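The figures that follow rest on heavy atoms only: side chains count, while hydrogens, waters and symmetry mates do not. Computed from a predicted structure; not experimentally measured.
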Amino acid sequence: MAHNHPLSDEEVYDLIHQALASLLNKTVRTKHAQDVLSMAIRDLSIIQTAFLTLSDGVKLPQSGREQSPQPE
């Protein structure tokens, strides 16, 4: 069994960013799926913004990293 190490702030940010990126620009078949996807994107965007705000004093590398764009 692999040892589960505590995540750094950078690793947490990366996971949030990856989750958000994986949902953006997806096509769904039903309105229900679109509603759920939109809510997930909105919530992850809020979480990402909150994390960046709370991490204001923590140095997160910004090379190539930007806050993910809001879906249209």
Inset, instruction - Kindly write out the residues that satisfy salt bridge (Lys or Arg N to Asp or Glu O under 4.0 Å) with Asp43, not counting sequence neighbours, or none if the list is empty. - result: none

Legend entry - Heavy atoms from other residues, nucleotides or ligands near NE2 of His5 exceed 12 (cutoff 6.0 Å): yes

Inset, instruction - Give, for atom NZ of Lys31 and atom OG of Ser38, the distance between the pair rounded to the nearest 0.5 Å. - result: 8.0 Å

Legend entry - Counterpart residues, side-chain contact (heavy atoms from CB on, under 4.5 Å), relative to Ala33 (two or more places apart): Val28, Thr30

Legend entry - Sequence-distant partners of Leu15, side-chain contact (heavy atoms from CB on, under 4.5 Å), two or more places apart: Leu7, Gln18

Legend entry - From Leu52 atom CG to Ile16 atom CD1, the distance as rounded to the nearest 0.5 Å: 8.0 Å

Legend entry - Passing candidate, side-chain contact (heavy atoms from CB on, under 4.5 Å) with Leu44, options Leu23, Thr49, Leu24: Leu23

Legend entry - Rounded distance [0.5 Å steps], NE2 in His32 versus CG in Leu37: 11.0 Å

